[in-house]
Protein chains: 2
Amino acid sequence: MDEFMGAAIAEAELGVAEGGIPIGSVIVHAGRIIGRGHNRRVQNGSPILHGEMDAFENAGRQSAQTYRECTLYTTLSPCSMCSGAILLYGIPRVIIGENRTFLGEENLLRSRGVQLTVLDDARCVQLMHEFIERSPQLWNEDIGE
Amino acid sequence: MDEFMGAAIAEAELGVAEGGIPIGSVIVHAGRIIGRGHNRRVQNGSPILHGEMDAFENAGRQSAQTYRECTLYTTLSPCSMCSGAILLYGIPRVIIGENRTFLGEENLLRSRGVQLTVLDDARCVQLMHEFIERSPQLWNEDIGE
């Protein structure tokens, strides 16, 4: 297991432990995590704090140069909002845990030159399968459905 | 002046008064503002709280049905992140104060069926012109440049 995807999964698991949606993310610069986060819809009543957005928020204000040297890890294929944040800040590489349970804006990201790697990680799939079975309405809300 | 664009401009002006970036937004449902916000990069040290994102956050968790009946007003053409949030939640109509000082993802939004109206409002342009002249680096940071 990649160390950084492991950290993103740990964030997703923390989300479950808090009664939330099991999606986590970390942003890595020069071999170091500068921001980590997980979905906080339930915990904070937030419609914008998806895992990736929470990682951006916790990384704080960074220079354009820093963002352009970052890799973002996320346990789930990024939705249009999180993909838009990736494009805004010019994150060049995204490592995706899985895209079986939800396929985000991967085509848009690729069309704008973002390098994507999909790991098809069994633990990421399991976390989402269990969650969607447990809370289908909450999951639909999180993806605007 | 449209009442709701007026409210978005009032949010942008509040941002200036706080020493922040002058971009404001409101989300309207059934003739009533359900969320209002302004850019909080400076005030909260936030890279994700653009005006539109702050309006989504302040509207709180809404049903998919509600989002699909909303109109979002924003003083400035929405960047990729805010456009992604608009697409995630299926907001069907966006009223844009101006797109002279920054052109966001209008083509992407239109290609996905979002109805856009650009007002080319003089006050919105003035707020951005004055801000960009005063704080060019801060503005570049806000758009990932």
Side-chain angles (χ1 to χ4, degrees), chain A residues 21 25 27 34-35 37 39-68 70 78-92 102 104-105 107-109 111-112 114 137-145, chain B residues 21 25 27 34-35 37 39-68 70 78-92 102 104-105 107-109 111-112 114 137-145:
Chain A
I21 299 175
S25 177
I27 298 172
I34 62 168
N39 187 299
R40 294 185 189 273
R41 176 173 297 274
V42 172
Q43 298 92 318
N44 294 27
S46 173
I48 68 168
L49 287 174
H50 277 186
E52 301 91 321
M53 302 299 288
D54 194 40
F56 274 111
E57 182 72 348
N58 291 332
R61 291 168 58 180
Q62 301 286 337
S63 71
Q65 185 56 42
T66 297
Y67 286 125
R68 279 165 199 170
C70 282
C79 81
S80 57
M81 173 174 66
C82 298
S83 296
I86 288 162
L87 292 176
L88 173 63
Y89 290 118
I91 304 291
F102 175 78
E105 293 276 1
N107 285 340
L108 176 66
L109 289 170
S111 77
R112 302 286 180 95
V114 182
Q137 286 184 312
L138 178 57
W139 172 233
N140 283 340
E141 182 192 319
D142 202 53
I143 52 174
E145 287 181 3
Chain B
I21 298 175
S25 176
I27 299 172
I34 63 169
N39 187 299
R40 295 185 188 273
R41 176 174 298 274
V42 172
Q43 298 92 319
N44 294 26
S46 172
I48 68 169
L49 287 174
H50 277 188
E52 301 91 320
M53 301 300 287
D54 193 40
F56 274 112
E57 183 72 348
N58 291 332
R61 292 169 57 180
Q62 301 287 337
S63 70
Q65 185 57 42
T66 298
Y67 286 124
R68 280 164 200 172
C70 283
C79 81
S80 58
M81 174 175 66
C82 299
S83 296
I86 288 163
L87 293 175
L88 173 63
Y89 290 119
I91 304 291
F102 175 78
E105 293 276 1
N107 285 339
L108 175 66
L109 289 170
S111 78
R112 302 286 180 95
V114 181
Q137 285 184 314
L138 178 58
W139 173 233
N140 282 340
E141 182 192 319
D142 202 54
I143 52 174
E145 284 180 6

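- With a 4.5 Å cut-off on non-hydrogen atoms, B/Asp142 touches chain A through its backbone but not through its side chain.
- For A/Leu138, the part lying near chain B is the side chain, with the backbone staying farther off; criterion is any non-hydrogen pair under 4.5 Å.
- Atoms CG and OG, from B/Asn140 and A/Ser63 in turn, are 12.0 Å apart once rounded to the nearest 0.5 Å.
- Note that OH of A/Tyr89 is 11.5 Å distant from CD of B/Glu145, once rounded to the nearest 0.5 Å.
- The salt bridge (Lys or Arg N to Asp or Glu O under 4.0 Å) test applied to B/Arg68 returns no partner, not counting sequence neighbours.
- Nearest heavy-atom pair, B/Ala64 versus A/Gly144, reported as atom, atom and distance to 0.1 Å: CB-O, 3.6 Å.
- Heavy-atom minimum distance, B/Gly60 versus A/Pro47: O-CG, 3.6 Å.
- Neither the backbone nor the side chain of A/Ile86 comes within contact range of chain B; no heavy atom of the residue lies under 4.5 Å from a heavy atom of that chain.
- Considering A/Ser83, A/Cys79, A/Cys82 in turn, A/Cys79 is the only one that fulfils the side-chain contact (heavy atoms from CB on, under 4.5 Å) rule with B/Leu88.
- A/Leu108 contributes atom CG, which lies 6.0 Å from atom CG of B/Leu108 (distance to the nearest 0.5 angstrom).
- Contact count versus chain A (heavy atoms, under 4.5 Å) is highest, among B/Arg41, B/Arg61, B/His50, for B/Arg61.
- At a heavy-atom cut-off of under 4.5 Å, chain B is reached by A/Met53, A/Phe56, A/Glu57 from residues 52-59 of chain A, listed in order of number.
- By the side chain to side chain contact (heavy atoms under 4.5 Å, CB included) test, B/Asn107 is found to be paired with B/Arg110, residues two or more places apart in sequence or in another chain being considered.
- For B/Gln137, the side chain to side chain contact (heavy atoms under 4.5 Å, CB included) test picks out no residue, with sequence neighbours left out.
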